[in-house]
Amino acid sequence: MAAQLKKDQIAALIAKTKAKLKEKGVTPASSAPKQPLVSPMSGIATPAPMQSTGTVVPNLGSLQAKVQAQMAAFKAKGLLGIGGVTGGQFGLTGLPSNQRSSAGIRLNASGQVVDSKGQVVQLEQRVSEFAVNARAKRQEKIFRASEQAQQDEEELTHSAFYDDRLEVKPKAERQRRGFRFHEPGFHQEKAKRARAQAKLEQLQAEISSASNKSGLSTATKLALTLPKREELETTEIPDVEWWDQVVLGSNPYDAHERGTVELKDITDLIQHPINLDPPGRKSEVTLPVYLTKKEQKKMRRQRRRANEEEKQQKIQLGLMEAAAPKVKISNLMRVLGNEAVQDPTKVEAVVRAQMQMRQRQHEAHNNATKLSDAERKAKKAKRLQESTAQGVSACLFAVSNMRSEKNKFKVETNATQYNLTGCAIMTPHHNIVVVEGGPKNMRKYKRLMLQRIKWNEKAIAKGEDEMDDYEPVTCDLVWEGTLERRYFKDFRMKLFRSEQLAREFLDKKRSAHYWDLAVTKALAVED
């Protein structure tokens with residue numbers, strides 16, 4: 001921003017110019033010059049060279065050059081702007097915009113800025129605005145506003161209409177957040193703890209997966225749940241059991257009898273829980289009505305009699321033609337009469353032709369309504385197909401020995417015929433059969449496994465002499481329940497060399513708990 005020329009500097013410049021003119025013997029004229037000189041560099045009107053009475057300035061151009069050189073020196077020192085000091089830069093007041101031109105402004109003998117009419121022009125003093133000054137002004141304005149608010153509040157409290165019961169919440173001012181510095185090595189320590197935690201979790205996952213694959217996790221949990229004999233002998237009976245501490249607190253049992261504890265939550269009322277329907281789709285169950293054999297025959301006679309009466313009425317009304325008599329060899333003479341006597345050979349041939357035609361029609365009707373092989377197979381599968389919308393029934397069997405090919409064939413074939421899915425797993429030490437399907441077919445298959453299959457039939461056939469070192473084969477129902485959906489696509493027979501591989505196979509089918517349950521029960525029976 002260009003600096004402005006002050007009045008004292010202008011006065012000093014004029015005084016210096018007058019002194020130089022006086023040294024050269026030139027006296028200023030008493031009247032103002034007709035046309036002031038304007039410096040082309042600065043645009044400030046400078047007084048014309050003074051004339052003495054009867055003398056003329058010998059070198060007017062040299063004087064003007066000196067004035068311009070001095071103005072350039074002021075400009076170099078920062079006292080003048082780049083475009084010079086013009087009327088617009090001085091901020092003239094009281095003049096219209098069309099009169100604020102540098103051509104109509106000049107300096108008088110006293111160093112004052114005057115217009116073309118000789119009137120003194122008041123210059124507007126401008127002060128540069130910095131960010132610090134603007135911030136100080138804002139703070140001063142805020143301070144004055146807060147003082148005014150305090151004064152208004154004091155005036156309000158002294159008012160007769162002020163209610164001191166009302167609370168006026170002050171406006172929440174946002175706190176300026178500062179920097180928060182951490183101690184050296186804070187982030188290194190945090191990363192070190194995170195790495196140690198990740199390493200510990202990885203180690204725990206490896207241990208858990210190894211125990212699950214080996215089939216020892218369930219057995220270990222079962223062993224840990226049993227209390228030790230030393231703990232049972234050394235454990236003292238507490239004064240208050242943990243389930244009674246919710247009601248009694250730290251008071252003993254006889255505190256209620258003494259009346260020191262009031263049991264507010266215990267009353268003589270009985271709470272009856274709300275009966276909830278089992279999960280699944282609700283369906284209305286309608287009991288079918290079954291007729292006896294006698295009732296069925298009676299209904300059939302009535303239906304056939306009604307159809308025959310309707311047919312006879314249509315014949316009497318002429319709506320349909322009467323059927324031709326059904327002639328057979330047995331009723332030939334009774335139906336035809338005289339015609340059979342006249343030419344019995346011809347009548348017999350006609351009757352036999354009619355009998356053959358009726359036979360062919362009967363066979364054609366049967367062939368038309370007969371099911372094809374594919375339709376017969378689909379009908380049989382549909383009869384065995386059972387809806388599992390209400391849930392899938394599942395059973396788990398444990399078989400001690402499944403070396404008999406005959407028994408394995410029965411297990412697999414019946415499961416396929418009953419539309420059951422699952423698998424039969426055989427290992428050197430444990431054999432299990434997992435099946436899932438409809439409830440009706442599951443009842444039939446359970447009867448097959450527990451009653452129909454003779455697991456010890458081969459041993460009985462050998463005789464009692466050869467059964468000394470023979471272990472009887474057993475088949476036990478380990479678990480049965482209801483599942484949400486099927487986890488197997490079909491029924492398969494699987495043979496594994498190790499128990500770990502068998503459990504991994506079931507784990508892929510999300511059924512590893514079957515193996516854990518069977519192994520746990522086997523361990524419990526052995527103990």
Side-chain angles (χ1 to χ4, degrees), residues 203-229 231 391-405 407-412 414-415 420-437 442 445-451 453 455-456 459 469-527:
L203 183 60
Q204 291 177 352
E206 292 177 357
I207 295 174
S208 177
S209 61
S211 61
N212 291 336
K213 290 180 180 179
S214 60
L216 299 176
S217 58
T218 308
T220 306
K221 292 180 182 179
L222 181 63
L224 292 175
T225 54
L226 298 176
K228 297 180 180 180
R229 186 181 300 275
E231 294 179 358
V392 180
S393 299
C395 288
L396 173 63
F397 301 94
V399 184
S400 61
N401 190 347
M402 289 189 67
R403 296 178 182 177
S404 175
E405 296 294 335
N407 294 339
K408 288 193 288 186
F409 175 78
K410 292 180 180 180
V411 169
E412 183 178 7
N414 284 273
L420 301 178
T421 59
C423 63
I425 298 178
M426 294 169 286
T427 60
H429 300 287
H430 299 283
N431 303 308
I432 64 173
V433 178
V434 181
V435 286
E436 53 189 12
M442 188 60 65
Y445 193 81
K446 186 167 61 173
R447 183 172 175 272
L448 170 75
M449 295 290 292
L450 300 178
Q451 299 179 11
I453 296 180
W455 299 98
N456 298 309
D469 56 347
Y470 179 77
E471 296 182 0
V473 181
T474 59
C475 178
D476 300 325
L477 178 62
V478 179
W479 175 85
E480 65 174 331
T482 305
L483 304 178
E484 184 179 2
R485 63 178 182 87
R486 294 177 184 261
Y487 290 95
F488 296 88
K489 294 182 179 180
D490 53 1
F491 191 87
R492 297 286 184 86
M493 302 290 291
K494 293 289 184 179
L495 177 62
F496 297 99
R497 297 182 179 179
S498 63
E499 298 181 357
Q500 181 178 356
L501 296 176
R503 195 183 186 282
E504 288 180 357
F505 171 75
L506 289 176
D507 194 12
K508 293 179 182 178
K509 303 293 184 179
R510 300 179 62 183
S511 303
H513 52 281
Y514 292 142
W515 182 264
D516 297 338
L517 186 61
V519 172
T520 304
K521 186 174 182 180
L523 293 176
V525 171
E526 292 178 0
D527 295 340

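Residues: numbered from 1 along the sequence shown.
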Atom pairs and distances, side-chain donor-acceptor, residues 472-482, under 3.5 Å, sequence neighbours left out:
{"unit_1": "Glu480", "atom_1": "OE1", "unit_2": "Lys446", "atom_2": "NZ", "d": "3.0"}

Shortest non-hydrogen separation from Arg510 to His513 and the atoms involved: O-CE1, 3.6 Å
Any side-chain heavy-atom pair of Leu420 and Phe491 under 4.5 Å: no
Gap separating the CZ atom of Phe488 from the CG atom of Leu506, nearest 0.5 angstrom: 5.5 Å
Heavy-atom donor-acceptor pair, Tyr514 side chain to Cys395 backbone, under 3.5 Å: no
Interatomic spacing from CD1 in Ile425 to CE in Met493 - rounded to 0.5 Å: 10.5 Å
Atom of Val433, atom of Ala424 and distance for their closest heavy-atom approach: CG2-CB, 4.1 Å
Asp507 CG to Gln500 CD distance, which is reported to the nearest 0.5 Å: 11.5 Å
Spatial distance of atom NZ (Lys410) from atom OG (Ser404) [nearest 0.5 Å]: 8.0 Å
Euclidean distance, Leu517 CG relative to Ser511 OG, rounded to 0.5 Å: 12.0 Å
Closest non-hydrogen atom pair between Lys489 and Thr421, with its separation: O-CG2, 3.5 Å
Test item: Val411 and Ile453 side chains (from C-beta on) under 4.5 Å apart, heavy atoms: yes
CE-OH distance between Met449 and Tyr445, expressed to the nearest 0.5 angstrom: 5.0 Å
Trp515 and His430 aromatic ring geometry - parallel, tilted or perpendicular at 30°/60° bounds: perpendicular
Exercise: identify the closest heavy-atom pair between Asn431 and Met426: OD1-CA, 3.2 Å
Main-chain N/O of Val392 paired to Glu436 side chain as donor or acceptor, under 3.5 Å: no
Trp455 side chain vs Leu450 backbone, donor-acceptor pair below 3.5 Å: no
Which atom of Gly437 lies closest to which atom of Arg486, heavy atoms considered: CA-NH2, 3.6 Å
Contact summary for Ala518 and Ile432, nearest pair of heavy atoms: CB-CG2, 3.7 Å
